Undergrad: 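Submitted below is the structure of interest, expressed as structure tokens.
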Amino acid sequence: MGTGPSAKKHGSRSKIKKYKKKTWLAHRVKDTDQIQDEIEKSKETGKPIQFEFDDELPGGGQFYCVETGKHFTDAKALADHKKSRYYKRRCKELKEEKYNQATAEWAAGMTKEKLPPAHPPKSS
């Protein structure tokens, strides 16, 4: 590690907006909706979610956690992950009902309720 002008101090990029956005985008996790879609597709086809061997993925892509969408280096790391608080919290989120457009409209108050007419027609 050098001490010349090319070396950056710790926290020197903390105020650079471009850098923050780029790193956040690179490290973000899959949304619960995406994971729920993957699980539904695997149930429909009857095949579990698996990856072919790939040198670029950790552990060759063979140790994948479906619930969190992460790859691990070996079986022990995957087993430890499944005991973690993050994994358990994510599983609880996935058990909830999938968010859809009808739910969004209901929450915004754009419901399609059938109300009785204010002035009913007079019947003779």
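Bear in mind the structure is a predicted one, so any value in this text is a computation, not a measurement. Start at 1 with the first residue, then count along the sequence.
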Undergrad: Does R89 reach the side chain of K92, with side-chain heavy atoms less than 4.5 Å apart?
TA: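 A side-chain contact under 4.5 Å is absent here.
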Undergrad: Rounded to the nearest 0.5 Å, what separation is found between the NE2 atom of H119 and the NZ atom of K122?
TA: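 It comes to 11.0 Å.
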Undergrad: Which pair of non-hydrogen atoms, one from G69 and one from I35, has the smallest distance, and what is that distance?
TA: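 Taking every non-hydrogen atom into account, N-CD1, 4.4 Å.
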Undergrad: In sequence, state the C-alpha distance, the side-chain angles, and the governing distance for D31 and Q36, and then conclude on side-chain contact (heavy atoms from CB on, under 4.5 Å).
TA: CA-CA 9 Å; D31 290 330; Q36 286 173 339; over 6 Å; no
Undergrad: Answer yes or no: is there an ion pair linking K76 with D80, defined by an N-O contact shorter than 4.0 Å?
TA: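 D80 and K76: salt-bridged.
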Undergrad: What I'd like to find out is whether the side chain of E38 reaches to under 4.5 Å of the side chain of K30, using heavy atoms alone.
TA: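 With C-beta onward as the side chain, the pair touches.
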Undergrad: Going from OG1 on T32 to CG on D37, what distance comes out if it is rounded to the nearest 0.5 angstrom?
TA: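 Reported value, rounded in 0.5 Å steps: 9.5 Å.
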Undergrad: Write down the atom of P120, the atom of P117, and the distance for their closest heavy-atom approach.
TA: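 In this case the closest contact between P120 and P117 is CD-O, 4.0 Å.
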Undergrad: To the nearest 0.5 Å, what is the distance between SG on C91 and CD on E96?
TA: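 Going from SG on C91 over to CD on E96, the span is 12.0 Å.
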Undergrad: For atom NZ of K41, is the number of surrounding heavy atoms from other residues, nucleotides or ligands below 6.0 Å larger than 12?
TA: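 Open: at most 12 neighbouring heavy atoms sit under 6.0 Å from NZ of K41.
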Undergrad: Flag the pair H71 / F63 as yes when their ring centroid distance falls below 6.0 Å, and as no otherwise.
TA: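 Aromatic pair excluded; centres sit 6.0 Å or further apart.
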Undergrad: Please name the pair of heavy atoms, one in I39 and one in L94, separated by the smallest distance, quoted to 0.1 Å.
TA: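 The answer is CD1-CD1, 4.4 Å.
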Undergrad: Any donor and acceptor pair, going by atom type alone, linking the side chain of E105 with main-chain N or O of T103 inside 3.5 Å?
TA: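 Not confirmed, E105 side chain does not pair with T103 backbone.
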Undergrad: What's the shortest heavy-atom distance between Q62 and E52, and which atoms?
TA: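 That closest heavy-atom pairing would be NE2-C, 3.6 Å.
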Undergrad: Give the intermediate values and the outcome of side-chain contact (heavy atoms from CB on, under 4.5 Å) for residues K88 and K82.
TA: CA-CA 7 Å; K88 292 174 183 174; K82 291 202 174 192; over 6 Å; no
Undergrad: Distance from Y64 atom OH to E67 atom CD, nearest 0.5 Å?
TA: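 One finds 9.5 Å between OH of Y64 and CD of E67.
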Undergrad: Check the pair V29 / T68 against side-chain contact (heavy atoms from CB on, under 4.5 Å), numbers first and verdict last.
TA: CA-CA 8 Å; V29 296; T68 55; over 6 Å; no
Undergrad: Under the side-chain contact (heavy atoms from CB on, under 4.5 Å) rule, what do F72 and H81 come out as? Steps first, then yes or no, please.
TA: CA-CA 9 Å; F72 294 93; H81 165 73; 3.2 Å; yes
Undergrad: Let me confirm one number: the NZ-CD1 distance from K22 to I16, rounded to the nearest 0.5 Å.
TA: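 The distance works out to 9.5 Å.
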Undergrad: Indicate yes or no: at least one non-hydrogen side-chain atom of Q101 is less than 4.5 angstrom from one of W106.
TA: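 No, too far: nothing below the 4.5 Å cut-off.
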